[in-house]
Amino acid sequence: MLETVKTIGLSLVLAFGVRTFVAEARYIPSGSMEPTLQINDRLIIDKVSYDFISPQRGDIVVFNPTKTLLSENYHEAFIKRVIGLPKETVKVKNGLVYINGSPLKENYLEAKPDYQWGPVIVPKNSYLVLGDNRNNSYDSHYWGFVPHNKIIGRAIVRFYPLNRIGFFN
């Protein structure tokens with residue numbers, strides 16, 4: 001009996017530690033990242049790597065709501081793609097995203113953006129994030145930048161549905 005209690009206790013401590021500090025599962029509640037992520041996809045989020053490296057353009061990140069989002073009564077984490085890095089100039093014009101004046105090649109979009117936006121300069125220690133479903137995504141072009149300290153982690157693998165299992169590059 002004592003061994004069973006010890007085993008269960010250790011298992012709970014390890015599970016809590018892994019979920020808190022290393023990785024956790026997340027589901028996709030909206031279509032803002034289609035076609036890359038579908039509603040109800042299940043992902044594993046790496047919560048450690050950004051302690052050692054900075055987010056890169058193209059990373060799919062999960063983050064806690066910014067001050068602006070909190071003021072609008074959003075409390076759940078968001079998931080979007082990193083587009084603009086600190087100190088870069090970003091604008092959206094004629095269906096393309098421009099980084100420092102050069103068009104960004106994006107083969108993951110649902111459709112080209114049908115709006116004009118910017119130019120804006122991404123603040124130090126912050127990121128501009130956009131959904132892959134640009135025309136149906138509540139993202140940085142509405143509410144601003146994500147400070148580095150709000151980022152929970154990056155999506156590394158989809159584990160459900162089974163026919164779409166795979167790693168993200």
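Scanning for salt bridge (charged side-chain N to carboxylate O under 4.0 Å, His left out) contacts around Glu72 gives an empty result, with sequence neighbours left out.
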Requested in this report: Show the numbers, then the answer: is there a side-chain contact (heavy atoms from CB on, under 4.5 Å) between Ile28 and Ile79?
Outcome: CA-CA 8 Å; Ile28 304 304; Ile79 185 164; 3.9 Å; yes
Report task. Would you please test Glu88 and Leu128 for side-chain contact (heavy atoms from CB on, under 4.5 Å) and show each step? Result -> CA-CA 9 Å; Glu88 291 183 330; Leu128 183 131; over 6 Å; no
Report task. Kindly determine whether Ile44 and Phe159 satisfy side-chain contact (heavy atoms from CB on, under 4.5 Å), including the steps that lead there. Result -> CA-CA 7 Å; Ile44 297 293; Phe159 66 90; 3.7 Å; yes
Query - side-chain contact (heavy atoms from CB on, under 4.5 Å) between Val92 and Tyr115, worked out - result: CA-CA 7 Å; Val92 178; Tyr115 55 86; 3.9 Å; yes
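Listed here is the closest heavy atom pair of Leu96 and Pro113: N-CG, 4.5 Å. Closest approach of Thr66 and Val146 over heavy atoms only: CG2-CA, 4.1 Å. Shortest non-hydrogen contact noted between Tyr127 and Pro86 is CE2-CD, 3.5 Å. Across all their heavy atoms, Phe145 and Ser140 have their closest contact at CA-OG, 4.2 Å. Among all heavy-atom pairs drawn from Arg57 and Ile83, the shortest one is NH1-O, 2.6 Å. Gly131 approaches Asp139 most closely through the heavy-atom pair N-OD2, 3.1 Å.
Both Leu85 and Ile53 are members of a single hydrophobic cluster when ILVMFWY side chains are connected at heavy-atom separations under 4.5 Å. Hydrophobic clustering (side-chain heavy atoms under 4.5 Å, transitive across Ile, Leu, Val, Met, Phe, Trp, Tyr) groups Val97 together with Val120. The cluster map of Ile, Leu, Val, Met, Phe, Trp and Tyr, joined by side-chain heavy atoms under 4.5 Å apart, puts Val129 and Leu69 in the same cluster. Under the 4.5 Å side-chain heavy-atom criterion for ILVMFWY residues, no single connected hydrophobic cluster contains both Leu109 and Leu37. Under a hydrophobic clustering in which Ile, Leu, Val, Met, Phe, Trp and Tyr are joined whenever their side-chain heavy atoms come within less than 4.5 Å, directly or via other members, Phe168 and Ile152 fall into the same cluster.
The side-chain contact (heavy atoms from CB on, under 4.5 Å) with Val90 is formed by just one residue from the set Leu104, Val122, Ile121; it is Val122.
Here the straight-line distance linking atom CG of Asn125 with atom CD1 of Ile151 works out to 10.0 Å at 0.5 Å rounding. Annotation: the span from Tyr142 atom OH to Leu130 atom CG amounts to 11.0 Å, rounded to 0.5 Å. Remark: Asp46 CG to Ser49 OG distance equals 3.5 Å, nearest 0.5 Å.
Of the possible donor and acceptor atoms, none in the side chain of Arg26 sits under 3.5 Å from a partner among the backbone N and O of Leu43. Judged by distance alone, with hydrogens and angles left aside, the side-chain atoms of Asp41 form a donor-acceptor pair with the main-chain N or O of Gln38 at under 3.5 Å. Asn100 places a side-chain N or O within 3.5 Å of a backbone atom of Thr89 that can act as its donor or acceptor partner. A donor-acceptor pair under 3.5 Å links the side-chain atoms of Lys150 to the main chain of Pro65, judged by distance alone. Side-chain atoms of Trp143 come within 3.5 Å of backbone N or O of Tyr138 as a donor-acceptor pair. The backbone N or O of Asn94 sits less than 3.5 Å from a side-chain atom of Gln116, completing a donor-acceptor pair. Side chain of Arg158 to main chain of Arg164: a donor-acceptor pair is present (N/O by atom type, distance under 3.5 Å, no hydrogens or angles).
At a threshold of 4.0 Å, the pair Lys112-Glu106 does not count as salt-bridged, since none of the basic side-chain nitrogens sits closer than that to a carboxylate oxygen. Ion pair Asp59/Arg154 not flagged as a salt bridge, since none of the NZ, NE, NH1 or NH2 atoms sits closer than 4.0 Å to an Asp/Glu carboxylate oxygen. Classification of Lys47 and Glu24 as a salt-bridged pair holds, one side-chain N sitting under 4.0 Å from a carboxylate O.
Tyr98 carries Lys91 over the face of its six-membered ring, with the cationic atom under 6.0 Å from the centre and within 45° of the normal.
Each side chain to side chain donor-acceptor pair (under 3.5 Å) pair with one or both residues in residues 76-85, not counting sequence neighbours, appears once here: Ser32-Lys80, Thr36-Arg81, Lys80-Ser137, Arg81-Asp132.
At most 12 non-hydrogen atoms from other residues, nucleotides or ligands lie less than 6.0 angstrom from OH of Tyr27.
Contact of the Pro35 side chain with the Tyr108 side chain is not registered, since no non-hydrogen atoms from C-beta on lie closer than 4.5 Å.
Taking the six-membered ring for Trp and thresholds of 30 and 60 degrees, Phe78 and Tyr74 have ring planes more than 60 degrees apart, a perpendicular arrangement.
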